[in-house]
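For ligands, and for the atoms within them, numbers begin at 1 and follow the listed sequence. Numbering of residues begins at 1 and proceeds along the displayed sequence.
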Amino acid sequence: MNFINFSIRDNIGKITLHRPDVLNSFNMAMAIELQNALDECASDTNVRCVLVTGAGRAFCAGQDLTEAIAPGADIKVIVEKQYNPIIHKIRNLEKPVVCAVNGVAAGAGANIAFACDIVVSAASASYIQSFSKIGLIPDSAGTYFLPRLAGLQRAAALTMLGDKITAEQALQYGLIYKVIPDDLLMAEAEKIALQLAQMPTKGLGLTKRLLNASLYNNLEQQLTLEGEMQAAAAKTYDHKEGVNAFLEKRKPAFKGE
Ligand code: T3D
């Protein structure tokens, strides 16, 4: 891998976007490497949580604009080959994906962060829907998640005006989970990832499937699905272990099975 760092330790698949000179903006190669790392996290049972972050002073400045305007570049192909699969892979990965936003997140970089399950942000990080400033529309599921997370008014204002917002504003708008002092960001993100990696992975995966489905299901459909998923969760080793540990007044040792 040339443009991301990927490691697996303590059941955490850690992915660091690594093109710091261009604020970790996406060329095709980095997008494919990220997709491959997400695939490996999905298939490796040793991975029970994924942590995504960026190298250097930025999280990600979205599309590498020099590559986007290079001769022969086709924006439709870029969106379909680079960004759509990343969003699908994050949402369909039935393990928690934590995103530690270490600096500016712009364009597709911001929307990839918002597609993650739990977003923790450095206090100095900022978020920009930069698309409108270059005559583009918000991709990477920005038009899907922003209205659902922040409401239609804020989604419209953020995407149309392209204002840079602070981490505190993103928190207030419901776009992210927590704001953390810069020097504590990675320690706190790793602590959250470790906690999740020691929890009942199958149950968390089914929870994510339900949350995904809730974005389009009606109440009846969702209640039916909850019944099915609860039955599946009840069959897991970790459910039995959790109940036994409770009754035996001891700490559970979940296996992710
Ligand atoms: O094909 C398609 O386009 C479809 C896909 C679209 C998806 C998208 O993501 S569209 C949105 C693309 N992103 C942007 O428009 C953001 C562009 N970047 C910025 O607006 C600013 O860089 C930031 C607000 C993110 C940060 O500003 P600042 O002042 O902290 O940093 P800077 O000086 O602008 O950037 C530092 C370097 O990174 C600089 O290079 P240099 O001068 O040191 O050699 C700059 O050119 C480079 N850089 C930053 N963003 C990009 C980039 N290079 C290529 N592409 C970028 N997106």
### Query
What protein heavy atom is closest to atom 35 (O) of ligand 1, reported as residue, atom name and distance in Å?
L23 CD1, 3.6 Å

### Task
Do me a favour and list the nearest non-hydrogen protein atom to atom 5 (C) of ligand 1 with residue, atom name and distance?
D139 OD2, 3.3 Å

### Task
Any atoms of ligand 1 less than 4.0 Å from a non-hydrogen atom of L136? List them with their elements.
3 (O)

### Query
Does ligand 1 have an atom under 4.0 Å from some heavy atom of N111?
no

## Note on the structure
Min over I75, I134, N24 of heavy-atom distance to atom 11 (C) of ligand 1 lands on I134

## Note on the structure
The protein heavy atom nearest to atom 1 (O) of ligand 1 is I78 CD1, 3.3 Å

### Query
Of all the atoms in ligand 1, which lie at a distance below 4.0 Å from a heavy atom belonging to A108?
7 (C), 8 (C), 9 (O)

### Message
Taking the basic N atoms (NZ, or NE/NH1/NH2) and the acidic carboxylate oxygens, is any pair closer than 4.0 Å for E257 and K240?
### Response
no

### Query
In the protein, what heavy atom is nearest to atom 57 (N) of ligand 1, and what distance, to one decimal place, separates them?
Q63 O, 2.7 Å

### Query
So N24 and T16, side-chain contact (heavy atoms from CB on, under 4.5 Å) or not? Walk me through it.
CA-CA 9 Å; N24 305 320; T16 306; over 6 Å; no

### Contact check, side chains of V179 and T166, non-hydrogen atoms, under 4.5 Å
no

### Task
May I ask you to test the K191-E188 pair for a side-chain heavy-atom distance under 4.5 Å?
yes

### Message
Is it true that Y83 and Q63 share a donor-acceptor pair across their side chains at a distance under 3.5 Å?
### Response
yes

### Query
Any side-chain heavy atom of S121 sitting closer than 4.5 Å to one from F59?
no

### Query
Which bit of A61 gets closer than 4.0 Å to ligand 1, counting heavy atoms only: side chain, backbone, both or neither?
both

### Summary
Logged contact type for D64 with ligand 1, heavy-atom cut-off 4.0 Å, is both

#### Entry: Side-chain heavy-atom pair F145, R91 within 4.5 angstrom cut-off
yes

### Query
Side-chain donor-acceptor pair under 3.5 Å between N111 and Q129, yes or no?
yes

#### Entry: Nearest-neighbour protein heavy atom for atom 28 (P) of ligand 1, which is reported as residue plus atom name and distance
R57 NH2, 3.9 Å

### Query
At a 4.0 Å threshold, what atoms of ligand 1 neighbour a non-hydrogen atom of I128?
24 (C)

### Message
Using heavy atoms and a 4.0 Å limit, tell me yes or no: is K133 in contact with ligand 1?
### Response
no

### Query
Can you list the ligand 1 atoms lying under 4.0 Å from a non-hydrogen atom of G107?
9 (O)

### Query
In this structure, which one of K208, R209, K202 forms a salt bridge (charged side-chain N to carboxylate O under 4.0 Å, His left out) with E94?
R209

### Query
Which heavy atom of the protein is the closest neighbour of atom 55 (N) of ligand 1, given with residue, atom name and distance?
L65 N, 2.9 Å

## Note on the structure
Quick look: F131 vs ligand 1, heavy-atom contacts under 4.0 Å, and the answer is side chain

#### Entry: L196 side chain near R48 side chain, heavy-atom distance below 4.5 Å
no

### Task
Considering the heavy atoms of G62, write down every atom of ligand 1 situated less than 4.0 Å from one of them.
9 (O)

### Task
Check whether any side-chain heavy atom of N2 sits under 4.5 Å from a side-chain heavy atom of E33, and report yes or no.
yes

### Per-atom contacts, ligand 1 versus D21 - under 4.0 Å to a heavy atom
37 (C), 38 (O)

## Note on the structure
In this structure, atom 48 (N) of ligand 1 is nearest to the protein heavy atom V22 O, 4.0 Å

### Message
If you define the side chain from C-beta out and look only at heavy atoms, does anything of T159 sit under 4.5 Å from T143?
### Response
no

### Task
Check whether any protein heavy atom sits under 4.0 Å from atom 45 (C) of ligand 1.
no

